[in-house]
K.L.:
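Below is the structure I would like to discuss, written out as structure tokens.
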2 protein chains.
Amino acid sequence: MPDSFFEEVRGLHLFSEMSEENFSALMRAAYVQNFPPQIELISEGDPSDFLHVVLSGKVDLFARWNGHETSMATLRPVSTFILAATIRDAPYLMSARTLEKSRIALIPSQDVRAIFDIDGDFARAIVAELALAYRSVVKAQKDLKLRSSLERLANYLLRQQDRAHGAEDFTLPYEKRRLASLLGMTPENLSRALKALKPYGVLVDGNRISITDRADLEGLAKPTPLIDDFLL
Amino acid sequence: MPDSFFEEVRGLHLFSEMSEENFSALMRAAYVQNFPPQIELISEGDPSDFLHVVLSGKVDLFARWNGHETSMATLRPVSTFILAATIRDAPYLMSARTLEKSRIALIPSQDVRAIFDIDGDFARAIVAELALAYRSVVKAQKDLKLRSSLERLANYLLRQQDRAHGAEDFTLPYEKRRLASLLGMTPENLSRALKALKPYGVLVDGNRISITDRADLEGLAKPTPLIDDFLL
DNA sequence: GATGCTAATTGATTTTTGTCAGGCAGGCCA
DNA sequence: TGGCCTGCCTGACAAAAATCAATTAGCATC
């Protein structure tokens with residue numbers, strides 16, 4: 001079934017509006033690959049040869065400097081990454097590794113640029129995608145610069161609860177040390193911060209979190225759509 | 001001369017490739033306004049009514065949360081801002097204020113979106129602009145998460161020196177407290193950090209900086225194109 | 001069940017950063 | 001000139017966060 005993944009890719013906002021002809025051209029040299037966990041898919045500084053699409057599994061975007069690294073974002077299906085680098089034909093600014101067994105579609109960057117040049121609808125879809133990505137990073141930066149680590153954690157938990165459709169308890173989607181890195185703190189500090197949230201009704205049991213008094217936690221977290229609303 | 005500013009706007013990458021007809025349509029309801037210093041042009045959360053273009057002066061983008069604020073970026077002529085919000089028809093994520101007397105062109109957001117919908121070249125120009133903006137924020141976030149405040153300052157000074165074409169001494173482009181906010185630290189801390197850089201050959205006299213031994217400072221700063229290169 | 005591995009936790013400590021209060025220098029204006 | 005801003009600097013202190021070392025808990029494997 002070499003083209004079974006076409007449908008999945010086609011379903012993304014990024015590709016759903018373009019003509020069948022251009023989509024085929026884009027997919028001509030594209031292919032899918034299965035990766036085991038902990039494989040570094042791309043490394044920052046490398047030329048952007050492929051636009052990547054996570055079809056299943058989980059991928060971590062991270063950055064390195066001077067011997068240490070930090071997690072920048074975690075991607076779940078179905079989403080693309082490294083779009084900006086592909087478009088600008090510039091080196092990757094972030095590295096990516098699989099967190100679990102993952103299926104990744106690879107679309108040659110030069111094909112993306114070629115179709116982009118001739119297909120206005122595709123260009124408009126890319127604009128929508130990039131504008132959303134840009135705003136996500138701006139929100140992340142506000143989170144980082146305006147809030148303390150405890151506040152970041154509190155807001156993160158509230159967002160996770162929203163994701164779980166408001167359920168009182170839910171599971172953290174990955175290891176705590178990765179979460180710590182994502183939130184810009186050390187694992188030790190995350191551990192202490194979780195404890196510090198106990199008076200606000202946050203119970204922790206391994207990866208299981210329950211929020212017994214959301215209003216109380218919100219009093220500390222002071223969430224705002226301008227930072228915490230994913231869609232905005 | 002009501003249309004003298006058309007030329008300046010047209011000179012931007014964003015508008016230089018589009019047809020004369022579409023450009024005129026875009027400019028039909030656009031206008032220029034002069035603002036004194038310290039005027040808040042837009043406030044985060046407001047609907048994005050206009051795409052802004054800084055023609056002269058200087059504009060600070062900043063964000064507020066829970067009673068305090070932080071500087072996100074400083075814009076100099078000629079550049080646009082709040083493009084992503086305009087395109088997505090979403091509220092501003094950042095506020096903006098003039099730092100000095102400034103001339104700002106205002107283009108109605110709905111016109112931008114209308115032309116965007118019909119003009120593929122314009123859409124492509126927007127992609128290029130957004131991809132660049134996205135990558136800038138990613139670099140800023142890496143700077144913030146991977147480096148200490150002293151390292152951020154050291155790298156900032158090196159970048160400023162590059163901007164001054166490598167001159168041994170140059171002037172800081174704005175007040176130190178704004179710089180502190182931009183670098184994610186307090187003014188007091190910036191003051192101390194500048195002193196801490198003295199052993200690395202950084203001399204400070206008011207707004208005047210001179211770097212007597214760039215190699216030494218680079219040893220501390222460890223600059224990398226993947227964070228510090230503006231164009232990448 | 002014992003062994004070894006890894007992640008998570010905990011406590012003690014240091015480093016980094018922020019806060020608060022006071023002082024100083026330069027610019028502005030009555 | 002004197003008074004009064006404002007921005008910046010300085011020192012003492014407090015808070016936040018990182019680091020280091022040691023322990024514990026959970027898992028998989030033999």
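Throughout, a chain's letter reflects where its sequence line sits, starting with A, and its residues are numbered from 1.
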K.L.:
Establish, yes or no, whether the cationic atom of A/R163 lies under 6.0 Å from the six-membered ring centre of A/F170 and within 45° of the ring axis.
P.N.:
no
K.L.:
Tell me whether the OP1 or OP2 atom of D/dA18 has a side-chain N or O from A/T186 closer than 4.0 Å.
P.N.:
yes
K.L.:
Starting at CG of A/L144 and ending at P of D/dA17, how long is that distance when rounded to a whole Å?
P.N.:
11 Å
K.L.:
Applying salt bridge (Lys or Arg N to Asp or Glu O under 4.0 Å) to A/D229 and A/R135, what does each step give before you reach the verdict?
P.N.:
CA-CA 11 Å; A/D229 205 325; A/R135 287 169 65 90; over 6 Å; no
K.L.:
Which pair of heavy atoms, one from A/K145 and one from B/S71, lies closest together, and at what distance?
P.N.:
NZ-O, 2.8 Å
K.L.:
Is the charged tip of B/R97 near the ring of B/F62: under 6.0 Å from the six-membered ring centre and within 45° of its axis?
P.N.:
yes
K.L.:
Rounded to the Å, how far apart are B/L190 CG and C/dT19 P?
P.N.:
15 Å
K.L.:
Tell me whether the side-chain N or O atoms of B/R192 pair up with the base of C/dT19 as donor and acceptor below 3.5 Å, since no angle test is needed here.
P.N.:
yes
K.L.:
For A/M185 and C/dA8, give me the distance from atom CE to atom C1', rounded to whole Å.
P.N.:
14 Å
K.L.:
Using whole Å, what does the distance between atom P of nucleotide D/dA17 and atom CZ of A/R152 come to?
P.N.:
7 Å
K.L.:
I want to verify a distance call: between D/dT10, C/dG11, D/dT19, whose nearest atom is closest to the B/K195 side chain?
P.N.:
D/dT10
K.L.:
Is there side-chain contact between A/V78 and A/V54, with heavy atoms separated by less than 4.5 Å?
P.N.:
no
K.L.:
Whether A/S149 contacts D/dA17 is assessed here as follows: a side-chain N or O lying under 4.0 Å from the phosphate OP1 or OP2. Is that the case?
P.N.:
yes
K.L.:
For A/E188 and C/dG11, give me the distance from atom CD to atom C1', rounded to whole Å.
P.N.:
11 Å
K.L.:
Can a side-chain donor-acceptor contact be found between A/R208 and A/T171 if the only test is distance below 3.5 angstrom?
P.N.:
yes
K.L.:
So, B/K142 side chain and B/L226 main chain: donor-acceptor pair closer than 3.5 Å or not?
P.N.:
yes
K.L.:
Atom CZ of A/R177 and atom P of C/dT9: how far apart are they, to the nearest Å?
P.N.:
13 Å
K.L.:
Specify the separation, in whole Å, of atom CG of B/N189 and atom P of C/dT15.
P.N.:
16 Å
K.L.:
Please report the end-to-end axis angle for the helix from C/dG1-D/dC30 to C/dA30-D/dT1, five pairs per end, rounded to 10 degrees.
P.N.:
30°
K.L.:
Calculate the interatomic distance between A/Q38 atom CD and C/dT6 atom P; express it in whole Å.
P.N.:
12 Å
K.L.:
Under the 3.5 Å rule, do the base of D/dC8 and the side chain of B/E175 count as making a donor-acceptor pair?
P.N.:
no
